[in-house]
Amino acid sequence: MRNETWVVAGQGLSNRIGGKLLVHCFIMMFVGFCGGFAWLIALADNVLHILPLPRFEVVVPDQKELLRNAHVGPLMNSMFVMAMVLLSPRLHFSVRQAQWFYYAAIVMLWGNAIGYSAAVYAPERGLQPIGSWPNLLSYGSFYVAVFGATIATGICLTNALRAARG
């Protein structure tokens, strides 16, 4: 992507780069919907009953709060990145900032999605680097996602402050 056009003057991220980032966002939305579906089944005591289909017993982890997080987390992260893509014309990214924002946003999206999904199976919820492999996966994914979120948000904040000052 070295010869890729990253930004277009007055228009923010190029259509191709913004579009590629939005693809990641919509995939994360789908991941969040799957988490919501599992959460719904857990709330219904492991029963899936959509009329006119027959009733199915579906076993999901009894971690309602963590299933809710696996639903809401990816949705919120993708909406944040979508908003920044749409606001990119006002943020006036340089090429280097656009590159850093792009990769940091992808790391944030995927890190959080993996972390929220793995935390459902981890008794420690991915909050400490101890225990089983799902917990270590969750912890590591969240850890990496925090770096991505900090970089992406920092770039946007810096440019928003610059725009506010005129």
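Worth saying up front: this structure is predicted, and the values here are computed from it rather than measured. Position 1 is the first residue of the sequence, and the numbers go up from there.
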>> Please check if the number of heavy atoms outside Asn15 that lie under 6.0 Å from its CG is greater than 12.
In response: no

>> I'd like to check the ring-ring contact (aromatic ring centres under 6.0 Å, His included) partners of Phe80; sequence neighbours left out, ordered by chain and number.
In response: none

> Closest heavy-atom contact between Ala113 and Val31?
Replying inline: CB-CG1, 4.2 Å

> Excluding sequence neighbours, so at least two apart, what forms salt bridge (charged side-chain N to carboxylate O under 4.0 Å, His left out) with Arg55?
Replying inline: Glu57

> Pro89 and His92: which non-hydrogen atoms are nearest, and at how many Å?
Replying inline: O-CE1, 3.2 Å

> Partners of Phe142 by ring-ring contact (aromatic ring centres under 6.0 Å, His included), sequence neighbours excluded?
Replying inline: Tyr116

>> Between Ser141 and Ile114 (side chain of the first, backbone of the second, donor and acceptor by atom type, cut-off under 3.5 Å), is there such a pair?
In response: no

> Which heavy atom of Ile17 sits nearest a heavy atom of Thr5, and at what distance?
Replying inline: CG1-O, 3.6 Å

> If you round to the nearest 0.5 Å, how far is CG of Leu21 from OG of Ser14?
Replying inline: 10.5 Å

>> So, using ring-ring contact (aromatic ring centres under 6.0 Å, His included) as the criterion, who are the partners of Phe147 when residues are at least two apart?
In response: Tyr143

> Side chains of Phe33 and Leu75: does their closest heavy-atom pair fall under 4.5 Å?
Replying inline: yes

> Which residues, ordered by chain and number, are linked to Val8 in its hydrophobic cluster, where ILVMFWY side chains connect at heavy-atom gaps below 4.5 Å, directly or through other members?
Replying inline: none

> For atom CE of Met76, is the number of surrounding heavy atoms from other residues, nucleotides or ligands below 6.0 Å larger than 12?
Replying inline: no

> Can you pull the side chain to side chain donor-acceptor pair (under 3.5 Å) pairs that have at least one residue in residues 73-89, sequence neighbours excluded?
Replying inline: Asn77-Asn112

> Hey, mind stepping through Phe26 and Met82 against side-chain contact (heavy atoms from CB on, under 4.5 Å) and telling me if it holds?
Replying inline: CA-CA 9 Å; Phe26 285 112; Met82 287 176 177; 3.5 Å; yes

> In chain order, what residues pass the side chain to side chain donor-acceptor pair (under 3.5 Å) check against Arg16, with sequence neighbours excluded?
Replying inline: Glu4

>> With a 4.5 Å cut-off on side-chain heavy atoms, are Met84 and Val81 touching?
In response: no

> Quick one: do Tyr103 and Met108 end up in the same hydrophobic cluster if we chain Ile, Leu, Val, Met, Phe, Trp and Tyr together by side-chain heavy atoms under 4.5 Å apart?
Replying inline: yes

>> My understanding is that only residues two or more places apart in sequence, or in another chain, count here; which of them pass side chain to side chain donor-acceptor pair (under 3.5 Å) with Asp62?
In response: Lys64

> With Glu124, which residues qualify under salt bridge (charged side-chain N to carboxylate O under 4.0 Å, His left out), at least two apart?
Replying inline: none

> Taking only residues two or more places apart in sequence or in another chain, which ones pass salt bridge (charged side-chain N to carboxylate O under 4.0 Å, His left out) with Arg125?
Replying inline: Glu65

> Would you say Val23 and Trp110 are hydrophobically clustered, going by side-chain heavy atoms of ILVMFWY under 4.5 Å?
Replying inline: yes

>> Tell me if a side-chain donor or acceptor on Asn135 pairs with a main-chain N or O of Pro123 at a distance below 3.5 Å.
In response: no

> Taking only residues two or more places apart in sequence or in another chain, which ones pass ring-ring contact (aromatic ring centres under 6.0 Å, His included) with Trp100?
Replying inline: none

>> With rounding to the nearest 0.5 angstrom, report the CZ to OG1 distance, Phe93 to Thr158.
In response: 10.0 Å

> Which pair of non-hydrogen atoms, one from Ala98 and one from Val7, has the smallest distance, and what is that distance?
Replying inline: CB-CG1, 3.6 Å

>> Please say yes or no: joined through hydrophobic side-chain contacts below 4.5 Å, possibly via intermediate residues, are Tyr139 and Val120 part of one cluster?
In response: no

> Can you tell me how far CG of Leu40 sits from CZ of Arg68, rounded to the nearest 0.5 angstrom?
Replying inline: 14.5 Å

>> Ignoring hydrogens, what is the shortest heavy-atom contact between Met79 and Met29? Give both atom names and the distance.
In response: CG-CE, 4.0 Å

>> Is there a path of hydrophobic side-chain contacts, each under 4.5 Å between heavy atoms, that joins Ile27 and Leu109?
In response: yes

>> If hydrophobic clusters are built by linking Ile, Leu, Val, Met, Phe, Trp and Tyr wherever their side-chain heavy atoms come under 4.5 Å apart, do Phe37 and Phe56 end up in the same one?
In response: yes

>> Quick one: does any side-chain atom of Ser138 pair with a main-chain N or O of Pro134 as donor and acceptor, under 3.5 Å?
In response: no

>> Do Leu91 and Phe101 make a side-chain contact, defined as non-hydrogen atoms from C-beta onward lying under 4.5 Å apart?
In response: no

>> Distance check, rounded to the nearest 0.5 Å: His24 atom NE2 versus Ile106 atom CD1?
In response: 3.5 Å

> At their closest point, which heavy atom of Ala104 faces which heavy atom of Ala152, and how far apart are they?
Replying inline: CB-N, 3.9 Å

> Out of curiosity, Leu87 CG to Asn159 CG, how far, rounded to the nearest 0.5 Å?
Replying inline: 11.5 Å

>> Run the side chain to side chain donor-acceptor pair (under 3.5 Å) test against Asn69 and tell me which residues pass, sequence neighbours left out.
In response: none

